[in-house]
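Only this structure's heavy atoms are used, side chains among them; waters, hydrogens and symmetry mates stay out. Nothing fancy with the numbering, it's 1 onward along the sequence.
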Amino acid sequence: MLSVVVPIYNVEPYITECLKSLATQTLEDLEVIMVDDGSTDGSRELAESFAALDSRFTLICQPNQGPGPARNAGLRLAKGVYLAFADADDVVPSEAYELLVGSLEQTGSDLACGGVRRIRDGELEESSLHERPFRRTRPGTHILRKPSLTRDRTVWNKVYRMDFWHRHGLAFPSGIYEDVPVAMRAHVLADSVDVLADVVYHWRRRDDDEGATSITQHRAELDNLRERLAAIRAVRDFLSERAPDLIETFDGLVLEKDIVFLFQALEAAKETRSLVELGRELLEMLSPAVLASASSLRRLELHLLEHGMVPQLRRVRRFRRESVNGTKIVPRGLRTVNWYGDYPYFRSRRRLRIPDSVYDASAELKLLAKVEECTWTGSEFQIRAEVALHRVARRPDSVHLWLSDGRRRVQLEVRRVGRHGVVATVDPRRLKGGGPNWRLNVRTETKGLVLKNVFTDGEGSRTWRLSVPGWSRSGMDMPQ
């Protein structure tokens, strides 16, 4: 039913856990093709022991060529109706392949993919790359209808139909980032894709392992970064031809994730000229609209990179890491007020010839509003809440609240309490004839800036609503 291809290279501390997770899959009708890619530790011997104990496991060996050619070698032996990949330092949850194959059997889609958790120090944590696309199960969708799948750039949290794979001539290139172009091509070329909210893969984070040989250990090296840039270019060229509507979404992910490795290299390198040129090449490739829409702090980093201001970039990177409580946005101007990120060099930006537009954070201003408590006094509701501007230290100049059931609007009197607290009372007789649930809305004005929002509950997880007791379609019965 399923062929699983596992490239192996110097993963002796982890390979046993990985292969055990494959041997104990609830989908038992599978073959595991292990490809030792010239390991110099004990990985090959451990793989041989699995092949000797379980006839479903096969081992082939080759001189070191990289994970892409190793996967291609395993593919040539694969006989399954379906195809999957696993890296030998990761773990596959026991029901993963049963869930993925079962979904494809029901829907007829070309591939199925699922959620990912990261293994760090023996604990599982969220994968920031995969969290957004896999919040909900969506069978029979497609990356053009669900653009967040551009974040799903890995090949091992998936099961593919083998005939789909061969029909489109999919194969892995050599190099370090061989999976990104393949994963994107598969998503675009598929007629339909099953997205599962279930976690189907545990991806090991090896950044802190002493002596680890994981590729991610060397991601800040110049040759590594050049290969990353080549993979990004290959994906963009393919999207330009087959799915141009996805380019800006993909570019946004490059600015969020990939460029960080270049920044890390610039922070540590003694010779930075080649890295700066590589950065300029990347910026020239990306969409101007995406570059302009980046956050103000990211725009500052990009400006410093483009102009080769490496010492200043290093200081800004330290500032980002140390700003654990968020970075401040401040107003500037008398008649016309603009809002800027209060970052390094903000007050000396003219001396360094950094344009004001780099620091412009107007688009990042958000109004935070949450209800802390709502009590019934016997004659009225009393709402205690907080209203604040995200990342802005100053108190809003004015606050206005109203309730809305979607048709009617009931203005409330507001009393300010402390820096961000507000108190409002609601006479239920004013809501007579309305619906059973009312949303609480807020409007603030601060130095000419007007923002609106609806209140959330105390945890900020969902919209807060006032539910009126005794409501009926024939009329509300007032609480006594």
Side-chain angles (χ1 to χ4, degrees), residues 1-11 15 18-19 21-23 25 27-39 43-44 47-48 50-51 54-92 96-97 100-101 104-105 109-114 152-191 193-194 200-201 203 215 227 230-231 234-235 238:
M1 181 68 78
L2 176 68
S3 297
V4 185
V5 177
V6 185
I8 299 169
Y9 181 71
N10 288 357
V11 286
I15 186 173
C18 173
L19 297 181
S21 75
L22 300 177
Q25 288 290 306
L27 177 69
E28 297 179 355
D29 184 10
L30 55 78
E31 63 174 356
V32 179
I33 304 169
M34 304 174 290
V35 184
D36 181 70
D37 192 40
S39 294
S43 299
R44 175 176 174 176
E48 286 175 339
F50 268 84
D54 192 329
S55 61
R56 299 175 300 170
F57 284 71
T58 301
L59 175 65
I60 61 175
C61 302
Q62 65 180 29
N64 181 247
Q65 300 176 47
R71 287 184 179 129
N72 291 336
L75 274 163
R76 288 191 284 272
L77 299 180
K79 304 181 183 68
V81 177
Y82 299 101
L83 172 66
F85 302 95
D87 284 352
D89 52 354
D90 298 332
V91 176
V92 182
Y97 292 143
L100 292 166
V101 170
L104 294 178
E105 290 278 283
S109 292
D110 291 316
L111 69 94
C113 47
D152 183 35
R153 308 189 300 178
T154 50
V155 297
W156 28 245
N157 61 324
K158 300 174 177 62
V159 164
Y160 309 82
R161 287 189 183 275
M162 189 74 79
D163 60 354
F164 161 77
W165 186 275
H166 290 307
R167 185 167 68 251
H168 291 286
L170 295 175
F172 291 95
S174 59
I176 296 174
Y177 298 101
E178 77 297 332
D179 52 346
V180 177
V182 173
M184 287 295 97
R185 288 178 65 87
H187 264 302
V188 172
L189 294 172
D191 289 333
V193 173
D194 296 345
V200 300
Y201 201 82
W203 178 19
I215 287 168
E227 293 206 28
V235 173
F238 172 74

[X] [atom1] to [Y] [atom2] distance, which is reported to the nearest 0.5 Å:
X      : Y      : atom1 : atom2 : value
Ile60  : Leu77  : CD1   : CG    : 5.0 Å
Thr154 : Phe85  : OG1   : CZ    : 12.0 Å
Cys18  : Asp90  : SG    : CG    : 7.0 Å
Ile8   : Ser43  : CD1   : OG    : 7.0 Å
Gln25  : Leu2   : CD    : CG    : 8.5 Å
Leu170 : Leu111 : CG    : CG    : 9.5 Å

(request) Could you walk me through whether Tyr82 and Glu105 pass side chain to side chain contact (heavy atoms under 4.5 Å, CB included), step by step? (result) CA-CA 10 Å; Tyr82 299 101; Glu105 290 278 283; 2.4 Å; yes
(request) Go through the side-chain N and O atoms of Asp37 and Gln62 and say whether any donor and acceptor fall under 3.5 Å apart. (result)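 On atom types as modelled, these side chains qualify, holding a pair under 3.5 Å.
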(request) Say whether Tyr160 and Asp110, considering side chains only, have a donor N or O and an acceptor N or O under 3.5 Å apart. (result)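 No, because no side-chain N or O of Tyr160 sits under 3.5 Å from a partner of the opposite role on Asp110.
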(request) Run the numbers on Ser109 and Arg161 for side chain to side chain contact (heavy atoms under 4.5 Å, CB included), then give the verdict. (result) CA-CA 8 Å; Ser109 292; Arg161 287 189 183 275; 5.8 Å; no
(message) Checking Ser21 now: which residues fulfil side-chain contact (heavy atoms from CB on, under 4.5 Å) with it, not counting sequence neighbours?
(response)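 With sequence neighbours excluded, Ser21 shows a side-chain contact (heavy atoms from CB on, under 4.5 Å) to Val91, Val92, given in chain and number order.
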(request) Could I get the full list of side-chain contact (heavy atoms from CB on, under 4.5 Å) partners for His166, not counting sequence neighbours? (result)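 Only Met162 meet the side-chain contact (heavy atoms from CB on, under 4.5 Å) criterion with His166.
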(request) Could you check if a side-chain atom of Trp165 sits within less than 4.5 angstrom of a side-chain atom of Leu75, using non-hydrogen atoms only? (result)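 Sidechains of Leu75 and Trp165: in contact.
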(message) Less than 4.5 Å apart, side chain to side chain, heavy atoms only: is that true for His187 and Lys158?
(response)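 They are in contact (side-chain heavy atoms under 4.5 Å apart), so the answer is yes.
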(request) Sorted by first residue and then second, give each salt bridge (Lys or Arg N to Asp or Glu O under 4.0 Å) pair with at least one member in residues 179-190; sequence neighbours left out. (result) none
(request) Answer yes when Arg71 and Asp87 have at least one side-chain N-carboxylate O distance shorter than 4.0 Å, and no when they do not. (result) yes
(message) Less than 4.0 angstrom from a charged side-chain N to a carboxylate O is my criterion; do Arg56 and Asp54 meet it?
(response) yes
(message) Run the side chain to side chain contact (heavy atoms under 4.5 Å, CB included) test on Leu83 and Val159 for me, step by step, so that the C-alpha distance in whole Å, both residues' side-chain angles and the decisive distance to 0.1 Å come before the verdict.
(response) CA-CA 6 Å; Leu83 172 66; Val159 164; over 6 Å; no
(request) Kindly write out the residues that satisfy salt bridge (Lys or Arg N to Asp or Glu O under 4.0 Å) with Arg44, not counting sequence neighbours, or none if the list is empty. (result) Glu48
(message) Please find the pair of heavy atoms, one from Pro173 and one from Val182, that lie closest to each other, and give the distance.
(response) CD-CG2, 4.1 Å
(request) Looking only at non-hydrogen atoms, find the nearest pair between Ala47 and Ile15 and report the distance. (result) CB-CD1, 4.3 Å
Side-chain donor-acceptor distances from residues 27-35 under 3.5 Å, at least two apart:
unit_1	atom_1	unit_2	atom_2	d
Asp29	OD1	Met1	N	3.4
Asp29	OD2	Met1	N	3.3
Glu31	OE2	Ser3	OG	2.5
Glu31	OE2	Lys79	N	2.7

(message) Taking the ring of Tyr97 and the ring of Trp156, is the distance between their centroids below 6.0 Å?
(response) no
(request) Could you list the residues that satisfy ring pair (Phe, Tyr, Trp, His ring centres under 6.0 Å) with Phe50, not counting sequence neighbours? (result)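 Partners of Phe50 by the ring pair (Phe, Tyr, Trp, His ring centres under 6.0 Å) criterion, ordered by chain and then number, come out as Phe57.
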(request) Carefully, step by step, assess Trp203 and Asp89 under the rule side chain to side chain contact (heavy atoms under 4.5 Å, CB included). (result) CA-CA 8 Å; Trp203 178 19; Asp89 52 354; over 6 Å; no
